[in-house]
**Q** 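Quick one: structure below, then a few questions.
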Amino acid sequence: MTDRYERVALIGLGLIASSMAWAMRRGNVADTIVGFAPSEETRKVAGELGFLDHVAASATEAVRDADLVVLCVPVGVMGAVAREIAPALKPGATVSDVGSVKQAVIAAVAPELPANVHFIPAHPLAGTEQSGPRSGFAELFDDRWCLLVPTERTDPGQVDRLARFWQALGSRTDQMTADHHDLVLAVTSHAPHLIAYTMVGVADDLRRVTDSEVVNYSAAGFRDFTRIAASDPTMWRDVFLSNKDATLEILGRFTEELFALQRAIRSGDGDLLFEYFSRTREIRRGIIDAGQDTDAPNFGRTK
Ligand code: NAP
């Protein structure tokens, strides 16, 4: 078995797929990169940008003879796409995905795939609020984690091979169970997105503050919420519908903490607030020490 996947098929050609293709080109990670997306416009743009060797006319054409197939589509359509490509998969191929939720994707995809392919779910923890084939760039995965979530059917040798693929794209890799993944991501990504959506919605509702004031004075902190709240609506609708339990559990805890802080503000409990904010500042320091963000003031922005 060679270590390299010679032919890689990407289904869906948005931010993640186009970034994977650019990173594969940069690292000379595959001989041939094929891709497919349903809209003619996306296929045309992908062809013009040139991150693929071949733009396929259908998902089944794209996966034919591929050694690695990566589903880069919204979580809610993963099962339907797996059903469509299943008859055309090459025996011995690896099928993976990049979905932001793992238990629901495994439940939808695993039953659709033939027994003679290796299914290795994965999730690169890298993204931006942009979407579509124009938004991708080769450096997206550099020094970011890609979590591999093998099922009990997965061959460990093939998991190592996929890990090396992601490392060649610039990522660090780790393995996790699907339920743990969904809980970790509910804390680090899904609940924060919902809170950002809510905060931006509140500002929009608050008629005593004008729209121009919200826009002009947003650098005071609000604009960081707006960046997150500008994320793709389809993707995030699917994330919340498919990681319901873990997200609701974290939001329940969030609400309790929020009430405790509200009570501290109302009763003038400065010690509690100071101790709480000191603890959160330490968490931020930990993120910087782990190389997952910059310590430059205001995220290194010049304005
Ligand atoms: P995106 O830029 O919106 O692209 C999604 C792609 O999926 C589009 O090319 C779309 O095709 C295609 N698609 C939609 N329905 C399809 C179907 N039924 N069959 C085949 N293709 C279909 O999304 P993305 O940000 O790359 O996200 C893709 C996946 O990565 C999602 O599962 C998401 O949870 C995960 N993820 C995202 C991020 C992030 O920050 N964005 C980070 C990590 C993981 P058309 O263009 O033709 O509509």
Side-chain angles (χ1 to χ4, degrees), residues 9-23 34-49 51-52 55-63 69-86 88 95-106 108-109 112 121-137 139-142 144-149 166 169-171 173 178 181-182 184-186 188-190 192-193 196-197 227-243 247 292:
L10 303 171
I11 308 300
L13 295 174
L15 168 71
I16 300 296
S18 56
S19 297
M20 288 179 71
W22 288 123
V34 187
F36 169 77
S39 83
E40 218 178 295
E41 172 63 15
T42 300
R43 293 201 300 274
K44 185 168 149 276
V45 171
E48 284 166 7
L49 293 173
F51 55 77
L52 300 173
V55 183
S58 69
T60 46
E61 184 200 320
V63 305
V69 175
V70 189
L71 308 181
C72 305
V73 300
V75 166
V77 297
M78 292 274 184
V81 173
R83 189 174 321 131
E84 187 184 343
I85 62 170
V95 177
S96 187
D97 76 292
V98 294
S100 306
V101 175
K102 294 279 58 107
Q103 290 176 102
V105 168
I106 293 170
V109 171
E112 304 294 346
H123 180 199
L125 306 188
T128 74
E129 66 283 13
Q130 312 286 337
S131 48
R134 293 184 198 279
S135 57
F137 54 100
E139 298 77 22
L140 180 66
F141 308 109
D142 287 352
R144 296 283 166 257
W145 287 95
C146 181
L147 301 178
L148 305 187
V149 181
W166 275 103
L169 266 53
S171 287
T173 57
H181 167 278
D182 288 356
V184 169
L185 266 291
T188 56
S189 171
H190 306 167
H193 271 81
Y197 281 123
R227 187 188 65 73
I228 295 173
S231 299
D232 187 69
T234 305
M235 169 183 158
W236 283 96
R237 176 203 61 198
D238 286 4
V239 165
F240 291 118
L241 294 181
S242 55
N243 197 18
T247 309
Q292 296 298 297

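Everything quoted here is computed from the prediction, not taken from an experiment. Just so you know, ligand 1 is whichever comes first in the structure, and atom 1 is the first atom listed for that ligand.
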**Q** Does an N or O anywhere in T42 fall below 3.5 Å from an N or O of ligand 1?
**A** yes
**Q** List every atom of ligand 1 that sits less than 4.0 Å from any heavy atom of V75, numbering the atoms from 1 in the order shown and giving each element.
**A** 32 (O), 34 (O)
**Q** So, do L15 and T128 sit near enough that their side-chain heavy atoms are less than 4.5 Å apart?
**A** yes
**Q** Donor-acceptor pair, distance only, cut-off 3.5 Å: does the side chain of D182 make one with the backbone of V101?
**A** no
**Q** For S131, counting its heavy atoms only, list the atoms of ligand 1 lying under 4.0 Å from any of them.
**A** 1 (P), 2 (O), 3 (O)
**Q** So between S242, A37, C72, whose heavy atom ends up nearest atom 6 (C) of ligand 1?
**A** C72
**Q** Please indicate whether any nitrogen or oxygen in L15 is less than 3.5 Å from any nitrogen or oxygen in ligand 1.
**A** yes
**Q** Do any nitrogen or oxygen atoms of S39 come within less than 3.5 Å of a nitrogen or oxygen of ligand 1?
**A** yes
**Q** Report the part of T128 (side chain from C-beta onward, or backbone N, CA, C, O) that has a heavy atom under 4.0 Å from ligand 1; answer both or neither where that applies.
**A** backbone
**Q** When you measure from atom 44 (C) of ligand 1 to every protein heavy atom, which one gives the shortest distance, and what is it?
**A** V98 O, 3.1 Å
**Q** If we only count heavy atoms from C-beta on, is the S231 to H193 side-chain gap below 4.5 Å?
**A** yes
**Q** Give me the nearest non-hydrogen protein atom to atom 40 (O) of ligand 1 as residue plus atom name, then the distance to 0.1 Å.
**A** G127 CA, 3.2 Å
**Q** CG of L71 to CG of L10: how many Å apart, nearest 0.5 Å?
**A** 10.0 Å
**Q** Going by heavy-atom distance to atom 7 (O) of ligand 1, choose the closest among P74, S19, G14.
**A** P74
**Q** Heavy atoms, side chains only, cut-off 4.5 Å: are R134 and L49 in contact?
**A** yes
**Q** Quick one: does G132 get an N or O within less than 3.5 Å of an N or O on ligand 1?
**A** yes
**Q** Do me a favour and list the nearest non-hydrogen protein atom to atom 12 (C) of ligand 1 with residue, atom name and distance?
**A** G12 CA, 3.7 Å
**Q** Without swapping roles, check the side chain of R144 against the backbone of L125 for a donor-acceptor pair under 3.5 Å.
**A** no
**Q** Please confirm whether L71 comes under 4.0 Å of ligand 1, counting heavy atoms of the residue only.
**A** no
**Q** Answer side chain, backbone, both or neither: which part of H123 comes under 4.0 Å from ligand 1, heavy atoms only.
**A** side chain
**Q** Numbering the atoms of ligand 1 from 1, which are under 4.0 Å from a heavy atom of M78?
**A** 32 (O)
**Q** Do any heavy atoms of P38 fall under 4.0 Å from ligand 1?
**A** yes
**Q** From C72 SG over to I11 CD1, what is the distance, rounded to the nearest 0.5 angstrom?
**A** 8.5 Å
**Q** Taking atom types as modelled and ignoring hydrogens, do the side chains of S58 and T60 form a donor-acceptor contact shorter than 3.5 angstrom?
**A** yes
**Q** Looking only at non-hydrogen atoms, which of V77, V45, V239 approaches atom 15 (N) of ligand 1 most closely?
**A** V77
**Q** Does a side-chain N-to-carboxylate-O contact under 4.0 Å join E48 and K44?
**A** yes
**Q** For residues P121 and I106, report the shortest heavy-atom separation together with the two atoms involved.
**A** CG-CG1, 3.6 Å
**Q** Using a 4.0 Å heavy-atom cut-off, say whether A126 meets ligand 1 through its side chain, its backbone, both or neither.
**A** backbone
**Q** Would you mind checking which non-hydrogen protein atom is closest to atom 43 (C) of ligand 1, with the distance to 0.1 Å?
**A** P124 O, 3.3 Å
**Q** Regarding ligand 1, does L13 bring an N or O atom to under 3.5 Å of one of the ligand's N or O atoms?
**A** yes
**Q** Please report the shortest heavy-atom distance between M20 and F141, naming the atom on each side.
**A** N-CE1, 3.6 Å
**Q** Using a 4.5 Å cut-off on heavy atoms from C-beta on, say whether the side chain of P124 contacts that of W145.
**A** no
**Q** To the nearest 0.1 Å, how far is atom 36 (N) of ligand 1 from its closest protein heavy atom, and which atom is that?
**A** S100 OG, 3.4 Å
**Q** Which residue and atom name correspond to the protein heavy atom nearest atom 19 (N) of ligand 1, and how close is it?
**A** V81 CG2, 3.5 Å
**Q** Looking only at distances, please establish whether an N/O atom of ligand 1 is found under 3.5 Å from an N/O atom of Q130.
**A** no
**Q** Measuring centre to centre across the rings, with the benzene-like ring taken for any Trp, is W22 within less than 6.0 Å of F137?
**A** no
**Q** Are any of the side-chain heavy atoms of S242 and F240 separated by less than 4.5 Å?
**A** no
**Q** Taking distance alone, with no angle check, do I16 and ligand 1 share an N/O pair under 3.5 Å?
**A** yes
**Q** Among all protein heavy atoms, pick the one closest to atom 31 (C) of ligand 1 and tell me residue, atom and distance.
**A** V73 O, 3.3 Å
**Q** Provide the number and element of each atom of ligand 1 under 4.0 Å from a heavy atom of G99.
**A** 32 (O)
**Q** Side chains of F51 and P133, heavy atoms from C-beta outward: is any pair under 4.5 Å?
**A** yes
